[in-house]
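To start, the structure under review is shown below, and the notes come after it.
Just so it is clear: chains get the letters A, B, ... in the order the sequence lines come, proteins before strands, and each one is counted from 1.
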Amino acid sequence: MTISSSNFADKKTLIILTGPTGVGKTEYAIELAKRLKTEIISCDSRQFYKEMSIGTAAPSQKQLSQVKHHFIQHKSIVDYYNISMFEKDVFELLNTLFAKHSKVIMTGGSGLYIDIICNGIAQLPDADLELRTKLKNEYSNNGLAYIQNLLQKLDFEYFETVDLSNPNRILRALEVCMQTGTKYSEIRKFEALKRPFAIEKICLTREKSIIDQRINARTDNMIKDGLIDEAKSLYSFKGLQALNTVGYKELFSYFDENCSLNEAIEKIKTNTRRYAKRQLTWFRKDEKYVWVDIENLSSEEFLHKLINRIK
RNA sequence: GGCGUCGUAGCUCAGUUGGUAGAGCAGAGGACUGAAAAUCCUUGUGUCACUGGUUCAAUUCCAGUCGAUGCCA
């Protein structure tokens, strides 16, 4: 393992500890935070929500009591929250944290959220949710070709580069064009920002077959720990984006009698594996990541290697 | 034991009026900047159960064997 950073020591550093779901980020981040006597920022887009605890594998009360965590269950599923708000929240917090600590840890598996913190984000107005709903309805009433045509008229440049089969991309572009009166392709341009601190990117990993085993076991444990009741209590909110989440949507389908409980559980495992795969695709693309296979590395050995670099 | 149905990709199954076969799911790879645990794209050669027979040619027709399943005894 090589973690290279010329100015790592004595410098404000954000240590990003990511990896596919189920790899063991939470435990390793806590061990590292204890050793560095610092705090943890979560960048997990589903652990933000206080109502979703079991199904998102949020850190336990015991884990939370060991190290101060931020952005874990700080929002409600009924709140609107997005990457821009997250970026703002994180930077406000980092001002405080870097005043006390030279190293701060950020852990979680939401690749886009990590990238926003590292590179910044274009200046756009906040989403107009009424307009979003209206556009969504137009899409479901008139189909994909209709919104494609609309985009062709409003922003030809983006039309030519966007993935035209992806309705979400098209809808977002239309939303911005209509809301601002400016082309999305124009307004979204931005230069990657230089952050006033160093960033170290570490991706924890294990063999895929082992990740799969861990995902299966974790899912079974979630069921034992009461995921079904948790999902039941959130059933009436199933239309919310926060609940378009692995572990919940499959159980909602079971509650709706579209499948058996066993089928739902298998589907959770499958969808979690697929999520882990998409995460790995995301992380592979960013060559700044140092990959650490932790399968045969005790947390002590892991820390030892990491800390040697940091000191 | 008798009669019938079935045995095709990891799974569920199509199909070939005889010219060696294709969907869905899974798996694999990829995209991604205010929905991101979301959303989307690409990707299917397998002794067509086995052994014989008929035929220029059999996964397809015929016989037998094995396995599954149903009905009758």
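For the P atom pair drawn from B:C72 and B:U51, the interatomic distance equals 36 Å after rounding to whole Å. Separation of the P atoms belonging to B:U59 and B:G1 is 30 Å when rounded to the nearest angstrom. Nucleotides B:U8 and B:U16, compared at atom C1', are 11 Å apart to the nearest Å. Nucleotides B:U39 and B:C50 are separated by 42 Å at their P atoms, to the nearest Å. Look at the C1' atom in both B:A35 and B:U69: the space between them is 48 Å, to the nearest Å. For the P atoms, the distance linking B:U42 with B:U47 amounts to 27 Å, nearest Å. Comparing the C1' positions of B:G19 and B:U55 gives a spacing of 12 Å, expressed to the nearest Å. Taking atom P in both B:G70 and B:G27, the straight-line distance is 32 Å, to the nearest Å.
Remark: side-chain polar atoms of A:Y235 are not paired, donor with acceptor, to backbone N or O of A:F252 under 3.5 angstrom. A donor-acceptor pair is defined here as one N or O able to donate and one able to accept, closer than 3.5 Å; no such pair exists between the side chain of A:D293 and the backbone of A:R206. A donor-acceptor pair under 3.5 Å is absent between the side-chain atoms of A:T270 and the main chain of A:I268, judged by distance alone. A:H101 contributes a side-chain N or O that, together with a main-chain N or O of A:K37, makes up a donor-acceptor pair within less than 3.5 Å.
Using a 4.0 Å cut-off, some side-chain N or O of A:K249 falls inside it from OP1 or OP2 of B:A38. Within the structure, every side-chain polar atom (N or O) of A:R278 is placed at least 4.0 Å from both OP1 and OP2 of B:A36. Between A:R273 and B:A26 there is no side-chain polar atom (N or O) within less than 4.0 angstrom of OP1 or OP2. At least one side-chain nitrogen or oxygen of A:T281 sits closer than 4.0 Å to the OP1 or OP2 atom of B:G30. At B:G34, none of the side-chain N or O atoms of A:Y80 fall inside 4.0 Å of OP1 or OP2 (strictly under the cut-off).
Its glycosidic angle being more than 90° from 0, B:G46 falls on the anti side.
B:G67 is paired with B:C6 under the criterion used here, namely a Watson-Crick or G-U wobble arrangement in which both key atom distances are under 3.5 Å. Within the shown strands, B:U42 is the pairing partner of B:A28 under the Watson-Crick or G-U definition, both distances less than 3.5 Å. When Watson-Crick and G-U wobble pairs are counted only if both distances are under 3.5 Å, B:A35 pairs with no nucleotide at all. Of all nucleotides present, none satisfies the Watson-Crick or G-U wobble test against B:U55 with each distance under 3.5 Å. Summarising the base pairing, B:U17 is matched to no nucleotide, lacking a Watson-Crick or G-U wobble pair whose two defining distances lie under 3.5 Å. For B:A23, the paired nucleotide is B:U12, the pair qualifying as Watson-Crick or G-U wobble because both relevant distances are below 3.5 Å.
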query = Given A:E31 and A:K25, is the salt bridge (charged side-chain N to carboxylate O under 4.0 Å, His left out) satisfied, shown in steps?
reply = CA-CA 10 Å; A:E31 291 305 314; A:K25 294 185 288 294; over 6 Å; no

ask   = Checking salt bridge (charged side-chain N to carboxylate O under 4.0 Å, His left out) for the pair A:D220/A:K224: CA distance, chi angles, key distance, verdict?
value = CA-CA 6 Å; A:D220 291 334; A:K224 278 187 206 131; over 6 Å; no

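In this structure, the CG atom of A:N168 is 11 Å from the P atom of B:A38, given to the nearest Å. Whole-Å rounding puts the A:R274 CZ to B:G27 P distance at 6 Å. Here B:C40 presents its C1' atom at 5 Å from CG of A:D163, a figure rounded to the nearest Å. Counting to the nearest Å, the P atom of B:G10 and the CG atom of A:D212 are 18 Å from each other. Summarising the geometry, the separation between CE on A:M52 and P on B:A36 is reported as 10 Å, rounded to the nearest angstrom. One can place CG of A:L112 at 14 Å from P of B:A31, the figure rounded to the nearest angstrom. Rounded to whole angstrom, the span from the OH atom of A:Y275 across to the C1' atom of B:C40 amounts to 17 Å. In this entry the distance linking OH of A:Y184 with P of B:U33 reads 6 Å, nearest Å.
Among the heavy atoms of the strands lying under 4.0 Å from A:Y113 are primed sugar atoms or P, OP1, OP2 only; no base atom is included. Among the atoms of the strands shown, only primed sugar atoms or phosphate atoms (P, OP1, OP2) are found under 4.0 Å from some heavy atom of A:S110. At the heavy-atom level, A:N271 lies nowhere under 4.0 Å from the strands shown. As judged by a 4.0 angstrom heavy-atom cut-off over every strand, A:G111 is placed among residues making no nucleic acid contact. Nucleic acid contact class of A:K88 (heavy atoms, under 4.0 Å, all strands): none. When heavy atoms are screened at a 4.0 angstrom cut-off, A:G120 is found touching base atoms of the nucleic acid. Nucleic acid contact for A:A122: base, since at least one base atom lies under 4.0 Å from a heavy atom of the residue.
Clustering ILVMFWY residues whenever any of their side-chain heavy atoms sit less than 4.5 angstrom apart, transitively, puts A:F48 in the very cluster that holds A:L129.
Here B:U33 is the nucleotide among B:A38, B:U33, B:A35 with the atom lying nearest to any side-chain atom of A:R188. Of the listed nucleotides (B:G27, B:G29, B:A38), B:G29 has the atom at the smallest distance from the side chain of A:K277. The side chain of A:R172 sits closest to B:G34 out of B:U39, B:G34, B:C25. The A:L124 side chain lies nearest to B:G34 when the options are B:A38, B:U33, B:G34. Comparing B:U33, B:G34, B:U39 against the side chain of A:N166 picks out B:U39 as the nearest. Listed nucleotides: B:C40, B:A38, B:G34. Nearest to the side chain of A:P167: B:C40. Relative to the side chain of A:I83, the nucleotides B:G34, B:A36, B:C32 differ in distance, and B:G34 lies closest.
Note that A:K201 lies in the cation-pi zone of A:Y289, set by a 6.0 Å cut-off to the ring centre and a 45° limit from the axis.
Each of A:T270 and A:L129 was matched to the nucleotide of RNA chain B holding its nearest heavy atom; the match closer to the 5' end belongs to A:T270. RNA chain B is contacted by both A:L280 and A:N244; A:L280 maps to the nucleotide lying nearer its 5′ end (nearest heavy atom per residue).
Taking 3.5 Å as the limit, the base of B:A38 and the side chain of A:R169 contain a donor-acceptor pair of atoms between them.
The shortest distance between side-chain heavy atoms of A:E295 and A:E207 does not fall below 4.5 Å.
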